[in-house]
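Working notes, beginning with the structure itself.
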2 protein chains.
Amino acid sequence: MIRNKTTEYALTILGFMASRNEDMYSAEYLHKQLNIPRRYLRRLLTDLSKHGFLKSTSGRNGGFVFAKDLEEINLALVINTLEGYETLCTCILGFSCCIVDKPCIMHDTWMEARSKMFEVLSNTTLADLKEKYQMDLIKKL
Amino acid sequence: MIRNKTTEYALTILGFMASRNEDMYSAEYLHKQLNIPRRYLRRLLTDLSKHGFLKSTSGRNGGFVFAKDLEEINLALVINTLEGYETLCTCILGFSCCIVDKPCIMHDTWMEARSKMFEVLSNTTLADLKEKYQMDLIKKL
DNA sequence: AATAAATACTACAAAAAGGTAGTAATATAT
DNA sequence: ATATATTACTACCTTTTTGTAGTATTTATT
């Protein structure tokens, strides 16, 4: 759950794309806007495409667009997709000592903490972020 | 906020120590109980001592004990001590693009999610975990 | 005093994450 | 057709995190 920079980058990219109104975003453009290392950014963009968040178009005038509606992409989904999600037999936040039928001493606390965070993140979609951004723009006028 | 194994180990160790009633815990004993790599565990234990959570006693029959009351150690404190805490000018969960007076699009969402999690973690002390453990033991009888 | 059981320190090795380089493939504009 | 602007793929390099090894130091037991 935001353990690495890759996830941070991904959210930054998606949040940026969601809040603007371009029809196409090239890697180069995103690089200049967001200051994420060129090559790394590209790899991440193809990754996000493979995961179904974006659609890519090759060739001149190519770039990336969303592959689904902004309402369908919530922040928790992005994080879980990129960081993996082994809910099976461990505490999600990392307690490998902790198995479902023999929960460790921290289990309940973690689960409570985690689920409160998860609630907020899964209830926020890219559409919400876009709306917020537009509202902020209006307020500034 | 639980970005690495080291923090996980630390919480496992402290949680374990808090829940049992030994007067002294040697690195070797903890290693056998918790399956944390011997040498790494040792280094971590000295680290936890340097940070004031534990007190170490060298020599035969030496080991580690808590340096403060269990009530004084909450989970958020442990996590922040081990992972560093640059609240100054960035979103705590990682948005380096986001500065205080020019918050990024995700800022509010993050802060809300984060603070809900933080609330639970900072309200849980090692004393609470100990109590929970004892209660669980009683229930099993 | 010698031994054994412990921690402390320093340096190194391995694995994972983050980042870079080169080249191929694709598609548009001219 | 050719040049140009773009994504895609593969391999490599760097940094950080995790884990190991060797040796020194401390202290209770005998």
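Chain letters run A, B, ... following the sequence lines, proteins first and then strands; every chain starts at 1. Note that these values count all heavy atoms, side chains included, but never hydrogens, waters or copies made by symmetry.
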Quiz item: What string of B, S and - do you get for nucleotides 21-30 of chain D, 5' to 3', if B is base contact, S is sugar-phosphate-only contact and - is no contact with any protein heavy atom under 4.0 Å?
Solution: BB---BBBS-
Quiz item: With sequence neighbours left out, which residue pairs that include part of residues 22-39 of chain B fulfil the salt bridge (Lys or Arg N to Asp or Glu O under 4.0 Å) condition?
Solution: B/Glu28-B/Lys32, B/Glu28-B/Arg38
Exercise. Rounded off to whole Å, could you give me the NZ-to-C1' distance for the B/Lys50 and C/dT10 pair?
Key: 11 Å
Quiz item: Residues two or more places apart in sequence or in another chain: which of them pass salt bridge (Lys or Arg N to Asp or Glu O under 4.0 Å) with A/Lys132?
Solution: A/Asp136, B/Asp108
Side-chain donor/acceptor pairs under 3.5 Å, residues 51-62 of chain B, sequence neighbours excluded:
| residue | atom | partner | partner atom | Å |
| --- | --- | --- | --- | --- |
| B/His51 | ND1 | B/Asp47 | O | 3.2 |

Self-check item: Between C1' of D/dT16 and CD of B/Glu83, the distance in whole Å
Solution: 14 Å
Quiz item: Are A/Leu121 and A/Leu14 joined in one hydrophobic group, where the rule is that I, L, V, M, F, W and Y side chains link up if heavy atoms are under 4.5 Å apart?
Solution: yes
Self-check item: Euclidean distance, atom CG of residue A/Leu44 to atom C1' of D/dC9 [Å, nearest integer]
Solution: 16 Å
Practice problem: Starting from P on D/dT7, measure out to CG on A/Leu48 and report it in whole angstrom. | Solution: 13 Å
Quiz item: Mind checking what makes side-chain contact (heavy atoms from CB on, under 4.5 Å) contact with B/Thr6, not counting sequence neighbours?
Solution: B/Asn4, B/Tyr40, B/Leu44
Quiz item: Mapping B/Leu41 and A/Ser49 to their closest nucleotides on DNA chain D, which lands nearer the 5' end?
Solution: A/Ser49
Practice problem: Would you kindly give the CD1-to-C1' distance between B/Ile36 and D/dT20, to the nearest whole Å? | Solution: 16 Å
Quiz item: Side chains of A/Glu119 and A/Lys116: closer than 4.5 Å at any heavy-atom pair?
Solution: no
Practice problem: Send over the distance from A/Asn4 CG to C/dG19 P, rounded to a whole Å. | Solution: 11 Å
Practice problem: Mind running a 4.0 Å heavy-atom check of residues 13-28 of chain A against DNA chain D and sending the residues that fall below it, in number order? | Solution: A/Ser26, A/Ala27
Quiz prompt | Non-neighbouring partners of B/Ile138 that pass side-chain contact (heavy atoms from CB on, under 4.5 Å), sequence neighbours left out | solution = none
Quiz prompt | Qualifying residues under salt bridge (Lys or Arg N to Asp or Glu O under 4.0 Å), relative to A/Glu72, sequence neighbours excluded | solution = none
Quiz item: Among all residues two or more places apart in sequence or in another chain, which pass the side-chain contact (heavy atoms from CB on, under 4.5 Å) test with A/Asp128?
Solution: A/Thr124, A/Thr125
Self-check item: Rounded distance in Å - OH (A/Tyr29) to C1' (D/dT7)
Solution: 19 Å
Quiz prompt | Separation of atom OH in B/Tyr40 from atom C1' in D/dT20, rounded to whole Å | solution = 12 Å
